[in-house]
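Please read these numbers as outputs of a predicted model, since none were measured by experiment. A, B, ... follow the sequence lines: proteins, then strands. Residue 1 opens every chain.
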Amino acid sequence: MPSVSTRSSVTPWLFLTPAFVVIALILLYPVFSGVRLSFFSYSMRDFAVGADPTFVGLDNFRHLFASPHFRNSIRVTLTFVGSVVALEMVVGLALALLMEDEKLKGLRLFRTLFVLPIMIAPVVVGLVWRFMYHPSYGILNYFLQTLGADPVMWLSDPGMALPSIIIADVWQWTPFVFLIVLAGLQSVPKDLTEAGIVDGCSYLQNLFHIKLPMIGSVLLVAAILRLIDAFRALVVIFVMTYGGPGVSTEVLSLHLYKTAFTAQRLGRASAVAVILLGILLILSATLAIRTLRSERR
Amino acid sequence: MGTQASTSHEKPETSEEARKPRQPILKAHTRKLVIRGMRYAFIIVGALVVLFPIYLMITTSLKPRVLAFAIPPHWTFIPTLGSYQIVLFQANFVRFFFNSLTVALGATLGSVLIAALASYGLVRFQIRGGGVFLALTLILKMIPEVILLVPVFLLWNSLGLINTRIGLILVYVALNLAFNIWIIRAFMMDIPRELEQSAEIDGCPELTIFSRIMLPLVAPGMSVAAIFTFRLAWNEFVLGLALTDRFTRTLPVAVSNYITDVGVQWGPITAIATIIAVPAFLFTFFAARSLISGLTAGAVKG
């Protein structure tokens, strides 16, 4: 009887080879060459005239940490990431708890509608919010004025630009947290919460002692996924403010883009990339370990 | 929502009494109705907030030119396709549209096929190091486009792939490959091994088992993978900006140029934005279940 072992041992590798080649050539090699380039001085000009990169050791990193511009972008990134993830987790969880009751009519429809912001291109999201934030013919200022409030210079006021971007991100990504948490809540066995009710648990007791502990790991994964994505966020900000006014909304990924294509310093941009990659690797390794553990179970 | 506590008992009671609801049944019923009504109210407000920007985009694209900027806004108007006409007859719109479509379809086909092959290899043969490979793909999933920007720009220049659609397709194939392998593998794991084994005994070549037996069975998983790859390639902006020129650029890149080129023509801008969003609408309304399973994959077991 033929079994897997009598078949050619080359066969499995034939199936895996295309994936290996693509990952090695288009992901791993560029990442490694990017890390290598972060130790070199190399400009767009060097590239244009065909000059070789010059090895400078850790100079790029030293420059970065001494640069107020870079430190500002770290600060902006942390403010942005911290705010959006905290807000999205709280609002997403609240919405999921509101809609968890499966007897609610139209639940499926609402769940479907909530997918829309996630699917729409970041460019489009940026454009639409830029339109709504427009100081004179934006709809938000019109609403404010109707309510008797003063108009806000959403994107052109250095103090308001980052909060405005945070609002747009919360609009786009809260539904993502909501969907994950809702799926988690619906997988909590019904008898558990019913047992709580029979024993006279109040809604809040039920929530804090039964439901939340049951979906703890789901909440953690949702938070890590959002953290990773928030550190990567770029396009919506690119379209809405391009980092401005001044550098008040210049997150790390936008700083990277500008260092490469405006300042044309490819070596230094690679150093920014290494730092961003480091942050994301820590986050994604945490997630990978957790996922593999639950796979094995 | 502390009000929802249905059976409150301040005084010490015997356990038997505590189990009985103390309020009259009718009162508990009205309270339930009120709470349900409040839930609906919150949900509807939430839905309005989610939908309003999208509604605004679509209606602005359909407004006559003079009304697009008008404040106070005209909530009712006679829709016109004027903005779409401007966009469609713009010299290069059709070219950009087909660039986007080619790149998105090419990337989807390539990435799903390669991922299906790899998943089959991983699931069917117990390969040593398969677990390590999976962990690696999970981490690769997190690589942001912007980190690939400089190295791929340099590499594509030296390989002659810069400013080509195939160059862009290759990057997108790679970017979504890890997610696709993860999804398709999960679907393949649910398929009983006996199925392949009996085909094997019948002397089916490996490739036939893969294409005739496996692929049709994991079609739902492949459609999730396909939707998400299409979404990535159709929506992606930064790599598109850096790796294409004015002949090969995609729609998201083209629309961003529109702002600087024409200033603030919100009619045409919202028209292109709406066109870019069409696949998102289609996927949402026709494949919501696939979308949700893809979005929550890995976070929720089962």
Nearest heavy-atom pair of [X] and [Y]: which atoms, and what distance?
{"X": "A:V124", "Y": "B:M57", "answer": "CG1-SD, 3.5 Å"}
{"X": "B:I139", "Y": "A:S284", "answer": "CG2-OG, 3.9 Å"}
{"X": "B:P53", "Y": "A:V128", "answer": "O-CG1, 3.5 Å"}
{"X": "A:S270", "Y": "B:V150", "answer": "OG-CG1, 4.1 Å"}
{"X": "A:A273", "Y": "B:I147", "answer": "O-CD1, 3.6 Å"}

Under 4.5 Å, counting heavy-atom pairs only, tell me which of [options] racks up the most with chain A.
{"options": "B:A174, B:A242, B:A288", "answer": "B:A174"}
{"options": "B:V49, B:V171, B:L207, B:V173", "answer": "B:V49"}
{"options": "B:L136, B:I227, B:L56, B:T270", "answer": "B:L56"}
{"options": "B:N157, B:L51, B:V152", "answer": "B:N157"}

Just how far is it from atom [atom1] of [X] to atom [atom2] of [Y], taken to the nearest 0.5 Å?
{"X": "B:S119", "Y": "A:L16", "atom1": "OG", "atom2": "CG", "result": "9.0 Å"}
{"X": "B:L295", "Y": "A:L225", "atom1": "CG", "atom2": "CG", "result": "10.0 Å"}
{"X": "A:L127", "Y": "B:W266", "atom1": "CG", "atom2": "CH2", "result": "6.0 Å"}
{"X": "A:L37", "Y": "B:L154", "atom1": "CG", "atom2": "CG", "result": "6.5 Å"}

Side chain, backbone, both or neither: which part of [X] has an atom under 4.5 Å from a heavy atom of chain B?
{"X": "A:L234", "answer": "side chain"}
{"X": "A:L116", "answer": "both"}
{"X": "A:F20", "answer": "side chain"}
{"X": "A:I118", "answer": "both"}
{"X": "A:I224", "answer": "neither"}
{"X": "A:F238", "answer": "side chain"}
{"X": "A:L266", "answer": "both"}
{"X": "A:T17", "answer": "neither"}
{"X": "A:F32", "answer": "neither"}
{"X": "A:T112", "answer": "both"}

Q: Let me see the working for A:F131 and B:T60 under side chain to side chain contact (heavy atoms under 4.5 Å, CB included), right down to the final yes or no.
A: CA-CA 10 Å; A:F131 181 44; B:T60 306; 3.4 Å; yes
Q: List the steps, then state whether side chain to side chain contact (heavy atoms under 4.5 Å, CB included) holds for B:L177 with A:L27.
A: CA-CA 10 Å; B:L177 192 58; A:L27 292 178; over 6 Å; no
Are the side chains of [X] and [Y] in touch, meaning some heavy atoms are under 4.5 Å apart?
{"X": "A:F261", "Y": "B:L149", "value": "yes"}
{"X": "A:F15", "Y": "B:R124", "value": "no"}
{"X": "A:F110", "Y": "B:I44", "value": "yes"}
{"X": "B:M142", "Y": "A:L287", "value": "yes"}
{"X": "A:R111", "Y": "B:I292", "value": "yes"}
{"X": "A:V31", "Y": "B:P151", "value": "no"}

Closer than 3.5 angstrom, by distance alone: can the side chain of [X] be matched with the main-chain N or O of [Y] as a donor-acceptor pair?
{"X": "A:W171", "Y": "B:V50", "result": "yes"}
{"X": "B:N235", "Y": "A:M119", "result": "yes"}
{"X": "B:R231", "Y": "A:I120", "result": "no"}

Q. Would B:F52 and A:I139 satisfy side chain to side chain contact (heavy atoms under 4.5 Å, CB included), going step by step from the backbone distance to the final call?
A. CA-CA 11 Å; B:F52 182 73; A:I139 195 92; 3.9 Å; yes
Checking [X] against chain A: side chain, backbone, both or neither under 4.5 Å from a heavy atom?
{"X": "B:L113", "value": "neither"}
{"X": "B:W234", "value": "neither"}
{"X": "B:L170", "value": "both"}

Q.
Please evaluate residues B:T296 and A:F176 with respect to the criterion side chain to side chain contact (heavy atoms under 4.5 Å, CB included), reporting the C-alpha separation (whole Å), side-chain torsions for both, the decisive distance (0.1 Å), and the verdict.
A. CA-CA 8 Å; B:T296 55; A:F176 176 73; over 6 Å; no
Q.
For the aromatic rings, using the six-membered ring if either is Trp, is the centroid distance between B:F153 and A:F47 under 6.0 Å?
A. yes
Q) Can you name the ring-ring contact (aromatic ring centres under 6.0 Å, His included) partners of A:Y42, sequence neighbours left out? A)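 For A:Y42 there are no ring-ring contact (aromatic ring centres under 6.0 Å, His included) partners, ignoring immediate neighbours.
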Q: Answer yes or no: does atom OH of A:Y242 have more than 12 heavy-atom neighbours from other residues, nucleotides or ligands under 6.0 Å?
A: yes
